[in-house]
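As the structure is a computational prediction, the values presented were derived from the model and not from experiment.
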Amino acid sequence: MAKHFTLLSLLALTCCIAFAFEPKPLQDFCVADPNSSARVNGLVCKNPMLAQANDFSFSGLHVAGNTSNPFGSRVTPVTVAQLPGLNTLGISMARIDYAPWGINPPHAHPRASEILTVLEGPILVGFVTSNPENRLITKVLQKGDVFVFPVGLIHFQRNVGYGNAVAIAALSSQNPGVITIANAVFGSNAPIASEVLAKAFQVDKNIVDQLQSKF
């Protein structure tokens with residue numbers, strides 16, 4: 001009987017941990033406690049009586065990001081890592097700055113859809129559908145335009161104007177994650193064998209070696 005009870009208790013605990021995910025909070029809020037060593041699907045809540053206004057506030061999106069990099073863009077994220085009060089709420093956002101002709105390179109968010117609002121444009125946006133069609137859906141957005149990138153699909157943006165461009169992105173996860181395709185493929189740790197990539201991309205191994213050296 002005791003063994004049976006222990007098994008049921010373990011199953012109950014496992015279910016509680018498994019279902020501790022962000023879309024359905026069971027309290028007013030769950031301010032993230034980054035100092036906790038407990039492992040859950042998200043972050044542990046700190047004592048709600050210790051919550052302060054700063055836990056629900058972030059300052060800095062009025063500041064332009066430094067786009068002096070090879071891509072000519074900068075993402076300023078506001079996820080649960082920057083704003084603990086987002087924990088369990090299933091939302092986050094980011095500011096994206098683009099130098100003239102700068103790009104936010106092809107990437108995907110494994111845990112979120114994204115809706116992008118252009119504050120200053122024009123910005124070329126696009127995403128690619130999944131196999132086997134791999135269809136590119138793309139459009140040039142102007143100031144005030146909105147575009148959505150479905151969860152998990154590879155997408156990108158490019159400033160196609162001669163001035164700086166700015167967009168605000170909203171995402172359907174407190175921690176959407178980012179997989180930048182070039183970094184993941186050519187800059188993995190440890191490296192993917194160049195023979196594998198050469199065959200996958202149907203290029204000479206020397207080209208793969210050159211690309212891997214850049215990441």
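- Counting heavy atoms from C-beta outward, Phe56 and Val31 have side chains that approach closer than 4.5 Å.
- Proximity of Ile181 to Phe156: side-chain heavy atoms (C-beta onward) are nowhere separated by under 4.5 Å.
- Taking both residues in full, the closest heavy atoms of Ile192 and Ser188 are given as N-OG, 3.2 Å, listed atom of the first, atom of the second, then distance.
- Ile168 and Ile96 are not part of a single hydrophobic cluster, where members link through side-chain heavy atoms under 4.5 Å apart.
- Nearest heavy atoms, Arg95 versus Gly65: NE-N, 4.5 Å.
- Sorted by first then second residue, the ring pair (Phe, Tyr, Trp, His ring centres under 6.0 Å) pairs that include residues 180-215, not counting sequence neighbours, are Phe186-Phe201.
- Both Ile154 and Val185 sit in one connected hydrophobic cluster of ILVMFWY residues. Membership requires side-chain heavy atoms under 4.5 Å apart, directly or through other members.
- Taking the side chain to side chain donor-acceptor pair (under 3.5 Å) definition, one finds that Asp204 meets it with Asn206, sequence neighbours left out.
- Evaluation of the ring pair (Phe, Tyr, Trp, His ring centres under 6.0 Å) test over residues 75-97, restricted to residues two or more places apart or in two chains, returns none.
- Residues Ile91 and Leu86 are in side-chain contact: their nearest non-hydrogen atoms beyond the backbone lie under 4.5 Å apart.
- Grouping the Ile, Leu, Val, Met, Phe, Trp and Tyr side chains by contacts below 4.5 angstrom, directly or via other members, places Val78 with Val166.
- For the pair Asn69 and Arg74, the tightest heavy-atom approach, listed with the atom from each and the gap, is ND2-NH2, 3.6 Å.
- Listed by chain and residue number, nothing satisfies the salt bridge (Lys or Arg N to Asp or Glu O under 4.0 Å) test with Lys199 (two or more places apart in sequence, or in another chain).
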Problem set entry | Step-by-step salt bridge (Lys or Arg N to Asp or Glu O under 4.0 Å) determination, Lys139 to Asp145 | CA-CA 10 Å; Lys139 184 176 183 178; Asp145 289 347; 5.6 Å; no
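- Smallest separation of non-hydrogen atoms from Ala169 and Leu116: CB-CD1, 4.0 Å.
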Exercise. Passes side chain to side chain contact (heavy atoms under 4.5 Å, CB included), Ile137 versus Arg135? Steps please.
Worked result: CA-CA 6 Å; Ile137 296 177; Arg135 187 161 65 97; 3.9 Å; yes
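- Listed by first and then second residue, the disulfide (SG to SG under 2.5 Å) pairs involving residues 33-81 are Cys30-Cys45 (not counting sequence neighbours).
- Listed by first then second residue, pairs satisfying ring pair (Phe, Tyr, Trp, His ring centres under 6.0 Å) with a partner in residues 69-126 read Trp101-Tyr162, His107-His109, His107-His155, His109-His155, not counting sequence neighbours.
- Note on Val118 and Val146: separate hydrophobic clusters, where clusters join Ile, Leu, Val, Met, Phe, Trp and Tyr whose side-chain heavy atoms are under 4.5 Å apart, directly or indirectly.
- No chain of hydrophobic side-chain contacts below 4.5 Å, direct or via other Ile, Leu, Val, Met, Phe, Trp or Tyr residues, connects Ile103 to Leu153.
- With side-chain heavy atoms closer than 4.5 Å counting as contact, directly or through intermediates, Val178 stands alone and belongs to no larger hydrophobic cluster.
- With contacts defined as side-chain heavy-atom distances shorter than 4.5 Å, the pair Asn164/Asp97 does not qualify.
- Rounded to the nearest 0.5 angstrom, Leu43 CG and Asn35 CG are separated by 10.5 Å.
- For residues 98-166, no residue pair satisfies the disulfide (SG to SG under 2.5 Å) rule, not counting sequence neighbours.
- Sorted by first and then second residue, the ring pair (Phe, Tyr, Trp, His ring centres under 6.0 Å) pairs involving residues 112-137 (not counting sequence neighbours) form an empty list.
- Side-chain contact between Pro176 and Glu114: absent, with no pair of heavy atoms (C-beta onward) separated by less than 4.5 Å.
- With sequence neighbours excluded, the residues forming a salt bridge (Lys or Arg N to Asp or Glu O under 4.0 Å) with Asp209 are Lys205, listed by chain and number.
- Residues Asn104 and Ser73 approach most closely at CA-OG, 3.9 Å, considering heavy atoms.
- Not a single salt bridge (Lys or Arg N to Asp or Glu O under 4.0 Å) links Arg158 to another residue, sequence neighbours left out.
- To the nearest 0.5 angstrom, Gln212 atom CD is 12.5 Å from Ile207 atom CD1.
- The environment of CD in Gln142 is crowded: more than 12 heavy-atom neighbours from other residues, nucleotides or ligands sit within 6.0 Å.
- For the residue pair Ser92 and Gln174, the shortest heavy atom distance occurs at CB-O, 4.1 Å.
- For Asn134, the side chain to side chain donor-acceptor pair (under 3.5 Å) partners are Asn131, not counting sequence neighbours.
- Taking OG1 from Thr76 and NE2 from His62, the interatomic distance works out to 11.0 Å, rounded to the nearest 0.5 Å.
- For the pair Thr180 (side chain) and Ala182 (backbone), a donor-acceptor distance under 3.5 Å is absent.
- Here the straight-line distance linking atom NZ of Lys46 with atom CG of Asn87 works out to 11.5 Å at 0.5 Å rounding.
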